[in-house]
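The figures that follow rest on heavy atoms only: side chains count, while hydrogens, waters and symmetry mates do not.
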Number of protein chains: 2
Amino acid sequence: MPAARTSKPGRLPAAARRAQLVEIGRRLFAERGYEATSVEEIAERAKVSKPIVYEHFGGKEGLYAVVVDREIEHIAASIEAAVSSGSPRERLEGAALAFLTYVEERPDGFAVLLRDAPPTKRGGEMPALMYDLADRVGGIFSELFRTAGYDEKAAPIYAHALVGMVAFVGQWWTEARKPPPAEVVASHIAALAWMGLRHLPKKPSPLVKTRRRAPA
Amino acid sequence: MPAARTSKPGRLPAAARRAQLVEIGRRLFAERGYEATSVEEIAERAKVSKPIVYEHFGGKEGLYAVVVDREIEHIAASIEAAVSSGSPRERLEGAALAFLTYVEERPDGFAVLLRDAPPTKRGGEMPALMYDLADRVGGIFSELFRTAGYDEKAAPIYAHALVGMVAFVGQWWTEARKPPPAEVVASHIAALAWMGLRHLPKKPSPLVKTRRRAPA
DNA sequence: CCATTGCGTAACCTACGGTAGCGTAATATC
DNA sequence: GATATTACGCTACCGTAGGTTACGCAATGG
């Protein structure tokens with residue numbers, strides 16, 4: 001079922017080889033993570049020697065960057081298309097469905113996006129990939145919140161909540177033994193989010209219980 | 001502010017050394033991930049040589065296991081305490097607050113729990129650490145759903161949605177430039193979840209838009 | 001027949017997990 | 001107080017894996 005490219009498995013045109021390596025890289029990065037994936041194995045699975053990978057991507061990081069970039073583009077395009085029109089409610093459910101559809105179609109890509117940070121070893125922390133997405137959603141949410149008369153500063157909270165919701169459910173969904181169809185899951189999520197947002201108090205007051213402090 | 005154990009920084013009693021190594025390991029695993037963290041650096045930061053780590057934990061995996069186990073215990077205890085009593089609504093908000101409090105108090109531990117899987121290299125995928133939590137929540141939810149007359153099979157969806165929500169918001173919260181107090185964030189999350197759950201239709205019907213298919 | 005493209009061989013070198021064996025400080029025992 | 005015993009720790013090393021590179025060969029197209 002994997003692509004039987006051409007008649008000759010031996011030599012491939014550069015573009016095809018590139019595509020193949022990206023695909024293999026995506027799969028391996030997904031199941032092993034960046035650090036635990038070796039260029040050797042990537043090359044081996046492509047029936048190719050290591051230097052090929054370097055020729056095409058300049059190294060492990062380069063390949064990883066390409067993989068991540070493609071996935072980001074893919075999911076961003078899907079979701080942006082889904083939220084581009086319709087009522088707010090439709091946009092919400094559309095976004096959830098687009099997300100889940102992406103998860104369904106590209107489970108490996110999704111896993112890569114969920115996994116830990118790229119090899120950038122700067123001092124600070126770098127936001128996970130899903131983070132960017134949440135920020136984009138945050139932008140949309142700020143607008144919606146403003147027009148609806150809610151506290152705009154709370155928008156990022158809900159944006160990250162929603163993205164996290166979908167992301168986690170998506171992860172569970174890919175590994176569930178008896179996964180319901182995407183539409184059902186999306187409708188549940190959207191219902192939860194929508195109803196939650198609709199009936200949101202303007203200013204939720206904490207009903208503070210005892211706040212646990214660290215026991216030594 | 002870190003513990004000034006005894007007068008002599010040179011030699012430490014076994015228990016103290018152990019604790020120190022766990023702490024250092026937690027921090028490093030948090031910021032670098034498992035694979036990218038070297039025993040050498042752990043030892044170096046503890047002003048100790050590598051064999052010490054091996055002596056106390058049997059190796060890298062051993063230390064990692066201890067770190068993870070402690071965090072799991074910590075967060076599980078906090079949350080279970082929070083949901084042990086009170087009205088459902090209080091339990092929900094209490095759980096969110098407990099989670100965020102944990103995140104606040106032990107950001108490194110939280111980062112470790114969020115990061116990718118342990119070094120177990122069995123064929124299949126292993127559930128992330130947050131996954132267990134979601135499953136526990138799923139158990140509670142199944143019960144609640146049954147008593148409330150909702151579809152029990154949808155419980156895991158909402159369980160993972162809730163955990164993902166809190167986890168993602170928690171992550172954002174630790175890195176936010178101007179983070180609101182935990183109580184406020186928790187109340188927002190709890191409000192979203194609670195209102196969403198309360199006004200949930202018994203059987204949400206998907207208002208299916210065009211479902212995006214992969215464009216080749 | 002020659003150039004360009006695609007690729008393999010064979011290393012290099014660093015880093016890291018793990019281990020063996022040897023001190024040295026503190027405590028116990030006589 | 002001297003000596004044995006234990007607890008704690010270090011230096012030095014091994015094996016290997018993995019990223020990266022230098023160089024040379026085979027196929028393809030004009």
Side-chain angles (χ1 to χ4, degrees), chain A residues 3 5-29 31-68 116-121, chain B residues 3 5-29 31-68 116-121:
Chain A
R5 296 280 172 193
T6 67
S7 52
K8 292 193 178 183
R11 288 168 86 85
L12 285 180
R17 185 65 75 193
R18 240 182 106 87
Q20 182 205 21
L21 288 175
V22 168
E23 195 170 333
I24 293 174
R26 187 179 56 225
R27 177 151 47 229
L28 281 177
F29 286 136
E31 63 186 36
R32 302 227 204 301
Y34 177 81
E35 302 279 354
T37 300
S38 71
V39 186
E40 226 156 342
E41 187 166 5
I42 294 172
E44 182 185 338
R45 293 216 185 177
K47 298 270 180 61
V48 154
S49 63
K50 283 193 283 179
I52 305 301
V53 179
Y54 284 85
E55 250 178 59
H56 283 290
F57 304 98
K60 196 178 171 184
E61 283 196 31
L63 176 57
Y64 184 81
V66 170
V67 168
V68 166
D116 68 348
T120 48
K121 28 186 77 92
Chain B
R5 299 282 172 190
T6 68
S7 52
K8 291 192 178 182
R11 288 168 88 84
L12 256 55
R17 184 67 72 190
R18 240 182 107 88
Q20 182 205 21
L21 288 175
V22 168
E23 195 170 335
I24 292 174
R26 188 179 54 224
R27 175 152 44 226
L28 280 176
F29 286 136
E31 64 185 37
R32 303 229 204 299
Y34 177 81
E35 302 278 356
T37 301
S38 72
V39 189
E40 230 155 336
E41 185 166 5
I42 294 171
E44 183 185 337
R45 292 217 186 176
K47 298 271 180 61
V48 155
S49 63
K50 279 195 289 179
I52 303 302
V53 178
Y54 195 86
E55 206 178 297
H56 281 292
F57 303 98
K60 196 177 169 183
E61 283 196 30
L63 176 57
Y64 185 80
V66 170
V67 168
V68 167
D116 68 349
T120 48
K121 30 186 76 89

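A salt bridge is defined here as a Lys NZ or Arg NE, NH1 or NH2 lying under 4.0 Å from an Asp or Glu carboxylate O, and Arg17(B) with Glu23(B) fails to meet this definition.
Arg45(B) places no side-chain N or O within donor-acceptor distance of the main-chain N or O of Ile24(B), the cut-off being under 3.5 Å. Thr37(B) contributes no side-chain N or O that, together with a main-chain N or O of Arg32(B), makes up a donor-acceptor pair within less than 3.5 Å.
Per the geometry, CD belonging to Glu35(A) stands 17 Å off P belonging to dA17(D), to the nearest Å. The distance between atom CD of Glu61(A) and atom P of dG19(D), rounded to the nearest whole Å, is 11 Å. With rounding to whole Å, Ile42(A) atom CD1 is found 14 Å from dT20(D) atom C1'. dT28(D) atom C1' lies 14 Å from atom CG of Leu12(A), rounded to whole Å. dG6(C) atom P lies 7 Å from atom NE2 of His56(A), rounded to whole Å. When the C1' atom of dA15(C) is taken as reference, atom NZ of Lys60(A) falls 13 Å away, rounded to whole Å. Computed from coordinates, the Ile52(B) CD1 to dA7(D) P distance equals 14 Å when rounded to whole Å. Look at CG on Leu63(A): it is 11 Å from P on dG19(D), rounded to the nearest Å.
Distance from the side chain of Pro13(B) is smallest for dC8(D) among the nucleotides dG8(C), dC8(D), dG19(D). Side-chain atoms of Ser49(A) lie closest to dT9(C) of the nucleotides dT9(C), dT20(D), dG18(D). Of all nucleotides listed (dG18(D), dG8(C), dA20(C)), dG18(D) comes nearest to the side chain of Glu40(A).
The base of dC7(C) is not paired with the side chain of Arg11(A) by any donor and acceptor separated by under 3.5 Å.
A residue-by-residue look at Lys50(A) and Glu55(A) shows that Glu55(A) has its nearest nucleotide of DNA chain C further toward the 5' end. Residues Ala36(A) and Pro51(A) both approach DNA chain D. Their nearest nucleotides, taken by heavy-atom distance, put Ala36(A) toward the 5′ side.
Aromatic ring orientation, Phe29(A) versus Tyr34(A): parallel (interplanar angle below 30°, classes split at 30° and 60°).
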Would Lys60(B) and Glu41(B) satisfy salt bridge (charged side-chain N to carboxylate O under 4.0 Å, His left out), going step by step from the backbone distance to the final call?
-> CA-CA 11 Å; Lys60(B) 196 177 169 183; Glu41(B) 185 166 5; over 6 Å; no
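Considering only side-chain N and O atoms, Arg17(B) lies nowhere under 4.0 angstrom from the phosphate OP1 or OP2 of dA7(D).
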